[in-house]
Amino acid sequence: MKWTAEDSVCMSRALDLARSGWYSTHPNPRVGCVITKNEQFVSAGWHQEAGRPHAEINAINNASCDLRGATAYITLEPCDHYGRTPPCAAAIIKAGIARVVIAARDPNPKVSGRGVKALTNAGIAVEAGLMAEQANELNKGFISRMTRQRPYIRCKLAVSLDGKTALANGESQWITGAASRLNAQKLRAESSAVMTGINTVLADDPMLNVREVDTGGRQPHRIILDRKLRFPVAARMLPLEGKTILFTRSKDDGLYAALEKAGALVNYVEGEDNSFLTSVLRELALKYEVNDLLVEAGPTLSGSLLSSGLIDELIVYQAPVILGTNATGMMNTPVVASLNDRYELELIDYRRIDADWRFTFKPLTGQSEDGRR
């Protein structure tokens, strides 16, 4: 497909609009729409939050002129089914729009291909694929939930120069500086949920909510892995906005009742170790519609996720301090007996944040040609 300069400019603008919903659209994807007519910009819109009109509807409603013969640039394939809102494809057809340029196909089985088919059946010229990579990057979590039935998982760690996350006595606040902590708050804000293990809850009583970042009132779910159901009913996170969701292997009905009365949602999950983790992730995707999962946990859970091949991105904030030999390490993993079995990472981004550095890695799974992990 040969795209014009105008096509590229308009889709770039639609992508910028989609980013306006960076913190607010969960569990829906981030989508933007720009409409032109006679090579002139006439309207635009973006999806703000689930349950409210989609980007295409907002753009159509914002138009101040007749849209018959217009071109719509949309970052994701329009829906053609009734969900919380009516189908966008029908609205595009009704508006008389003649051409639709789509960046990415929708991976949702309820949508994929159906939106394009509805438009083409109505005689609308549909072109797809312009800036698809950028559009998909906006919605990695949504795509993961739809295609892998699990969230896109980012594991965040704050470490010293010698790779330690806490002193031997458990003290860890604060290894990194204020700017890094604010940046980490933004990671929370753009996530559907934040997950940690029960040991972190018992040691730190964290709130795991978003602070200092405007999310439009939305708070990510708080996910706690608690196999023996030791979660305290007086935990600071329970009265906060957003759901506190526990996953356990305990069948103690008395504990269930007490925790649910205090405001927690308790889920029983079968399995040990890796099977427990994969079952939890599937529940998060299918039951709670979690797109993007941020893990803020101790070395045991972080190490289990890495060794199970479940981390999509590892984000490390590193401070220019040394905590010493007896301090707690980054991850507890199975013993690596050979360099051929080491965990390899691809550095995909790095940036300085005041005195600290933030590194983003992609764990490399499977075997390379020379037999390494």
Side-chain angles (χ1 to χ4, degrees), residues 26-27 141-142 144-146 148-157 187-188 191-210 218-314 331-334:
H26 303 266
F142 180 75
S144 178
R145 176 162 69 89
M146 290 298 163
R148 301 191 294 179
Q149 285 75 56
R150 74 162 178 85
Y152 188 88
I153 301 172
R154 295 180 299 175
C155 181
K156 186 220 73 170
L157 297 169
L187 286 180
R188 285 186 184 177
S191 302
S192 306
V194 181
M195 185 169 77
T196 196
I198 186 59
N199 289 335
T200 297
V201 173
L202 295 176
D204 300 335
D205 193 16
M207 292 189 289
L208 298 184
N209 62 338
V210 176
R218 186 193 70 86
Q219 284 286 343
H221 301 325
R222 298 173 292 274
I223 313 300
I224 313 300
L225 302 190
D226 185 8
R227 287 173 172 81
K228 297 180 181 178
L229 212 53
R230 297 180 289 155
F231 192 88
V233 295
R236 290 194 301 165
M237 67 177 69
L238 283 178
L240 302 176
E241 291 292 326
K243 297 176 181 177
T244 297
I245 305 169
L246 311 183
F247 288 93
T248 185
R249 295 200 68 250
S250 170
K251 295 183 178 181
D252 191 320
D253 292 340
L255 291 175
Y256 275 49
L259 287 167
E260 290 182 341
K261 183 178 180 180
L265 299 175
V266 184
N267 299 265
Y268 175 79
V269 176
E270 291 278 4
E272 293 285 351
D273 300 328
N274 189 38
S275 63
F276 178 82
L277 288 173
T278 53
S279 295
V280 166
L281 297 176
R282 185 174 177 83
E283 282 285 286
L284 289 177
L286 300 183
K287 183 176 181 179
Y288 294 104
E289 297 183 305
V290 172
N291 295 335
D292 303 278
L293 180 64
L294 179 64
V295 178
E296 297 188 34
T300 299
L301 177 53
S302 299
S304 293
L305 289 166
L306 179 69
S307 61
S308 299
L310 294 172
I311 294 177
D312 295 302
E313 287 183 21
L314 177 63
M331 292 186 177
N332 296 336
T333 61

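Only heavy atoms go into these numbers, but all of them, side chains included; no hydrogens, no water, no symmetry mates. Just so you know, these numbers come straight off a predicted model, no measurement behind them.
Here the closest heavy-atom approach between residue Pro220 and residue Ser191 is recorded as CB-O, 3.5 Å. Of all the heavy atoms in Arg222 and Gly242, the pair that sits closest is NH2-O, 3.0 Å. Among all heavy-atom pairs drawn from Phe231 and Ile224, the shortest one is CE1-CG1, 3.9 Å. When all heavy atoms are compared, the tightest approach of Asp292 to His26 is OD2-CE1, 3.5 Å. The two residues Thr196 and Ala297 make their nearest non-hydrogen contact at OG1-CA, 3.6 Å. The two residues Asp205 and Ala235 have their closest heavy-atom pair at OD1-CA, 3.6 Å.
Ser192 places a side-chain N or O within donor-acceptor distance of the main-chain N or O of Asn291, the cut-off being under 3.5 Å. In this structure, Tyr152 contributes its side chain and Glu313 its backbone to no donor-acceptor pair below 3.5 Å. Side chain of Asn332 to main chain of Gly303: no donor-acceptor pair is present (N/O by atom type, distance under 3.5 Å, no hydrogens or angles). Of the possible polar contacts, none joining the Glu283 side chain to the Tyr288 backbone as a donor-acceptor pair under 3.5 Å is found. Within the 3.5 Å criterion, the main-chain N or O of Pro27 finds a donor-acceptor partner in the side chain of Arg145. One N or O on the side chain of Gln149 and one on the backbone of Met146 form a donor-acceptor pair closer than 3.5 Å. Proximity of a side-chain donor or acceptor of Ser308 to a complementary backbone N or O of Leu305 within less than 3.5 Å is not detected. Looking at Ser302, its side chain never comes within 3.5 Å of a backbone N or O of Pro299 through a donor-acceptor pair.
Considering CG of Leu286 and CG of Leu281, their distance stands at 10.5 Å, rounded to 0.5 Å. Interatomic distance, CG of Leu238 versus NZ of Lys261, reported as 13.5 Å (0.5 Å rounding).
Within the 4.5 Å cutoff, the side chain of Leu265 has no heavy atoms near those of the Thr244 side chain. Counting only heavy atoms from C-beta outward, the side chains of Arg188 and Leu208 approach each other to under 4.5 Å. Between Met195 and Thr200 there is no side-chain heavy-atom pair separated by less than 4.5 Å. Side-chain contact between Arg282 and Val269 is absent, with no heavy-atom pair separated by less than 4.5 Å. Side-chain contact between Leu255 and Thr248: absent, with no pair of heavy atoms (C-beta onward) separated by less than 4.5 Å. Counting heavy atoms from C-beta on, the side chains of Pro206 and Glu296 never come closer than 4.5 Å. Counting only heavy atoms from C-beta outward, the side chains of Lys156 and Leu294 approach each other to under 4.5 Å. Two residues are said to be in side-chain contact when any heavy atoms from C-beta on lie closer than 4.5 Å; Leu157 and Met331 meet this criterion.
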Q.
Could you go through Val194 and Met207, starting from their C-alpha distance and side-chain angles, then the distance that decides it, and tell me whether this counts as side-chain contact (heavy atoms from CB on, under 4.5 Å)?
A. CA-CA 10 Å; Val194 181; Met207 292 189 289; over 6 Å; no
**Q.** Arg148/Asp312 under side-chain contact (heavy atoms from CB on, under 4.5 Å): CA gap, chis, key distance, verdict
**A.** CA-CA 12 Å; Arg148 301 191 294 179; Asp312 295 302; 3.0 Å; yes
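Each of Leu187, Leu293, Leu314, Ile311 was compared with Arg154 under the side-chain contact (heavy atoms from CB on, under 4.5 Å) criterion, and only Leu187 meets it. Each of Leu225, Asn267, Leu229 was compared with Leu246 under the side-chain contact (heavy atoms from CB on, under 4.5 Å) criterion, and only Leu229 meets it.
With a 6.0 Å cutoff to the six-membered ring centre and a 45° limit on the axis angle, Arg249 does not count as a cation-pi contact of Phe276.
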